[in-house]
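Notes follow the structure.
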Amino acid sequence: MTAAVQTGRRVHPTSVPSETLVGQFWERFTGGDIACAPDPIAIKLSSPKYQAYRRVLGVPHADLFHVAHRHLCASTGVDGPLTLAPWPAARTDPRRKPRRG
């Protein structure tokens, strides 16, 4: 995700820290909350950092996120929105049949 955001940032430069952009990108394309994100991008709800993060809106970076999403699709073969899944499930395609023997 960081590489995708950096690609978007080259096309649409911004002074917003990369860490913030990666979190916002993750939220926009999973529909999740950064507090539920996987490590290392998760921010604890009880943290002052979470409150500061909430004050920074990602809407002005929609063009950057669009480029980042296109880069992610091109580099990983992912097509469509990202989804939130626990680590083991994220590595398994539910449409794939398990191998036998």
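The two residues Tyr53 and Gly23 come nearest to each other via the heavy atoms OH-C, 3.0 Å. For Ala42 against Ala37, the heavy-atom pair with the smallest separation is CB-O, 3.1 Å. Pairing each heavy atom of Trp26 with each of Gly32, the nearest pair is CZ3-C, 3.8 Å.
A side chain to side chain donor-acceptor pair (under 3.5 Å) check over residues 34-49, counting only residues at least two apart or in different chains, returns the pairs Glu19-Lys49.
The side-chain contact (heavy atoms from CB on, under 4.5 Å) check on Ala35 picks up Asp33, Leu45, Tyr50, with sequence neighbours excluded. Residues forming a side-chain contact (heavy atoms from CB on, under 4.5 Å) with Thr2 (at least two apart in sequence, or on another chain): Gln6, Ser18, Val22. Under the side-chain contact (heavy atoms from CB on, under 4.5 Å) criterion, His66 pairs with Arg70, not counting sequence neighbours. Among residues two or more places apart in sequence or in another chain, the side-chain contact (heavy atoms from CB on, under 4.5 Å) test is passed with Thr76 by Leu72, Val78.
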Apply the test side-chain contact (heavy atoms from CB on, under 4.5 Å) to residues Val11 and Leu64: give CA-CA distance (whole Å), side-chain angles for both, the deciding distance (0.1 Å), then the verdict.
-> CA-CA 7 Å; Val11 177; Leu64 184 152; over 6 Å; no
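Under the 4.5 Å side-chain heavy-atom criterion for Ile, Leu, Val, Met, Phe, Trp and Tyr, Met1 and Val67 are members of distinct hydrophobic clusters.
With values rounded to the nearest 0.5 angstrom, Phe65 atom CZ is found 11.5 Å from His12 atom NE2. Put simply, CD1 on Ile43 and OG1 on Thr20 are 7.0 Å apart, with the number rounded to the nearest 0.5 Å.
Using modelled atom types, one side-chain atom of Thr7 and one backbone atom of Ala3 make a donor-acceptor pair closer than 3.5 Å.
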